[in-house]
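Reckoned from all heavy atoms, side chains included, excluding hydrogens, waters and symmetry mates.
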Amino acid sequence: MTGTPGTTVTTDTTGRAVDPRATGGRVTSRAVAARALRVAGMGVVIVLALVAILTALRTELPRSPGVMSDALGPENGELIDGYLARASASLAGDDNDNNNNDDDDDNAADADAPRWALVTADRAWSVPEAAGMVRGLPRVSGLYVQVPVDGVAMPVSGVTLTEPTAGEAGREPAFERGLEQVMRRLDVGPSAADRATSDRATSDRAASDRAAAAAALTVARMREGEPAIVGLLARGTSAQLRAVAEQPGVRAVEALPADAVWEHFAVRPLQPQQVDAAVPLPDSAPVPPA
């Protein structure tokens, strides 16, 4: 409502206009209280909004299982000494990094949570050796195989393992099944389409023939019983994984954060022949016959 020029118009709690002259030119105490309540209400809304924003900023968003944000194994070109130190640090506790009690509680919970880890051999293991290295772990889900040959970049093959079936006392049968699966995969050889293609470049054909020869050699030596397990993908608590890392014959154990999701992280096995840096192995020597 609009008053005449020079006249102040106020309202009561119902929104009706009140002539100040009716109250002696003074605003009633009820109107003052209503205005104060409105101001206070706006202040509460603003404070709650700020609290919500700050809480959202402090909250760590969960990892998206569809993004390969994690990886196990050395990065391409990484110095091996640096990777071994990084792998060891992934098993260490964080209690000394922060004295906040809440953070300490979170670190203790993370330490007790199972974590995916890459267990790397210092040399190729036989099945009994590999099973003995991880006997104290609750789960082993991956196996990586390579038959080392000087001067030849032999293939590294991985396979997903099943858990031991009823009646199996240890992991040896599951590891044997994994090796058989690797050998079947490598023993397929070039496809009929590749053999029928005659217009490929000579270099491509030579590379394909060399890869086929290396795969055949791997299968032949594995069937002869040569140790070939160079890595295992396992799961356990930090304490369990540290116990594995302390065993003779284990080159490294690297663990992912506790929230890493199965099949949503990359694995780059460290090869026994990679001594100085994680670079491609020499591949200039002839491939021995299978």
Side-chain angles (χ1 to χ4, degrees), residues 71-87 118-130 133 142-159 161 175-176 178-191 193-195 197-233 245 247-254 266-290:
L72 288 167
E75 297 179 0
N76 185 33
E78 183 176 6
L79 296 178
I80 299 304
D81 287 344
Y83 169 70
L84 296 181
R86 182 164 63 83
L118 175 63
V119 180
T120 299
D122 64 354
R123 55 175 176 76
W125 293 328
S126 65
V127 166
E129 288 174 327
M133 296 296 179
L143 177 148
Y144 299 92
V145 169
Q146 184 199 46
V147 173
V149 175
D150 290 339
V152 180
M154 297 294 285
V156 178
S157 299
V159 65
L161 297 174
F175 286 5
E176 292 285 4
L179 293 182
E180 283 293 335
Q181 187 175 344
V182 170
M183 287 186 285
R184 287 196 301 270
R185 181 188 302 166
L186 294 176
D187 207 19
V188 172
S191 66
D194 288 338
R195 291 192 297 268
T197 301
S198 59
D199 59 350
R200 289 183 300 163
T202 302
S203 60
D204 291 342
R205 185 165 58 251
S208 177
D209 292 343
R210 183 176 179 85
L217 179 61
T218 297
V219 173
R221 294 195 175 181
M222 288 175 63
R223 294 203 181 281
E224 293 171 359
E226 182 170 333
I229 300 174
V230 297
L232 296 168
L233 181 61
Q247 296 184 88
V250 175
R251 190 178 185 187
V253 177
E254 181 193 3
V267 180
R268 302 178 292 252
L270 174 62
Q271 302 173 51
Q273 308 96 306
Q274 291 176 319
V275 177
D276 298 319
V279 295
L281 299 176
D283 193 29
S284 57
V287 179

A.B. asks: Apply side-chain contact (heavy atoms from CB on, under 4.5 Å) to L72 and L233, showing your working.
C.D. replies: CA-CA 9 Å; L72 288 167; L233 181 61; 3.7 Å; yes
A.B. asks: Tell me if a side-chain donor or acceptor on E226 pairs with a main-chain N or O of R221 at a distance below 3.5 Å.
C.D. replies: no
A.B. asks: How long is the gap from CD1 on I229 to CZ on R123, to the nearest 0.5 Å?
C.D. replies: 11.5 Å
A.B. asks: How close do A87 and A252 get, heavy atom to heavy atom, and via which atoms?
C.D. replies: CB-CB, 4.3 Å
A.B. asks: Measure across L161 and G178 and return the closest heavy-atom pair with its distance rounded to 0.1 Å.
C.D. replies: CD2-CA, 3.8 Å
A.B. asks: Of all heavy-atom pairs between D283 and A153, which one has the smallest distance, and what is that distance?
C.D. replies: OD1-N, 3.0 Å
A.B. asks: Restricting to non-hydrogen atoms, name the atom on A130 and the atom on L232 that form the minimum distance, rounded to 0.1 Å.
C.D. replies: O-CD1, 3.9 Å
A.B. asks: Any sub-3.5 Å donor-acceptor pair from R251's side-chain atoms to Q271's backbone N or O?
C.D. replies: yes
A.B. asks: Are V182 and T218 close enough that some pair of their side-chain heavy atoms sits under 4.5 Å apart?
C.D. replies: no
A.B. asks: How close do A245 and V250 get, counting heavy atoms only, and between which atoms?
C.D. replies: CA-CG1, 4.0 Å
A.B. asks: Within the structure provided, determine whether V275 and I80 are in side-chain contact (heavy-atom separation under 4.5 Å).
C.D. replies: no
A.B. asks: In the structure I gave you, are the side-chain heavy atoms of Q273 and Q146 within less than 4.5 Å of one another anywhere?
C.D. replies: yes
A.B. asks: Is there a side-chain contact between V145 and M183, using heavy atoms and a 4.5 Å cut-off?
C.D. replies: no
A.B. asks: Decide side-chain contact (heavy atoms from CB on, under 4.5 Å) for V253 and L118; before the verdict, give the C-alpha distance in whole Å, the side-chain angles of both, and the deciding distance to 0.1 Å.
C.D. replies: CA-CA 6 Å; V253 177; L118 175 63; over 6 Å; no
A.B. asks: Identify whether the distance between the nearest side-chain nitrogen and carboxylate oxygen of E254 and R268 falls below 4.0 Å.
C.D. replies: no
A.B. asks: Do E180 and R185 sit within salt-bridge range, that is, some charged N less than 4.0 Å from a carboxylate O?
C.D. replies: no
A.B. asks: Looking only at heavy atoms, which two atoms of A290 and A216 are closest? And how far apart?
C.D. replies: CB-O, 3.8 Å
A.B. asks: Whether the side chain of E78 engages the backbone of A278 through a donor-acceptor N/O pair (distance < 3.5 Å, no angle test) should be reported.
C.D. replies: no
A.B. asks: Using the side-chain contact (heavy atoms from CB on, under 4.5 Å) rule, take L143 and L179 through it: C-alpha gap first, then chi angles, then the decisive distance, then the call.
C.D. replies: CA-CA 8 Å; L143 177 148; L179 293 182; 3.8 Å; yes
A.B. asks: Would you say the side-chain atoms of Q274 pair up with the backbone N or O of L281, donor to acceptor, closer than 3.5 Å?
C.D. replies: no
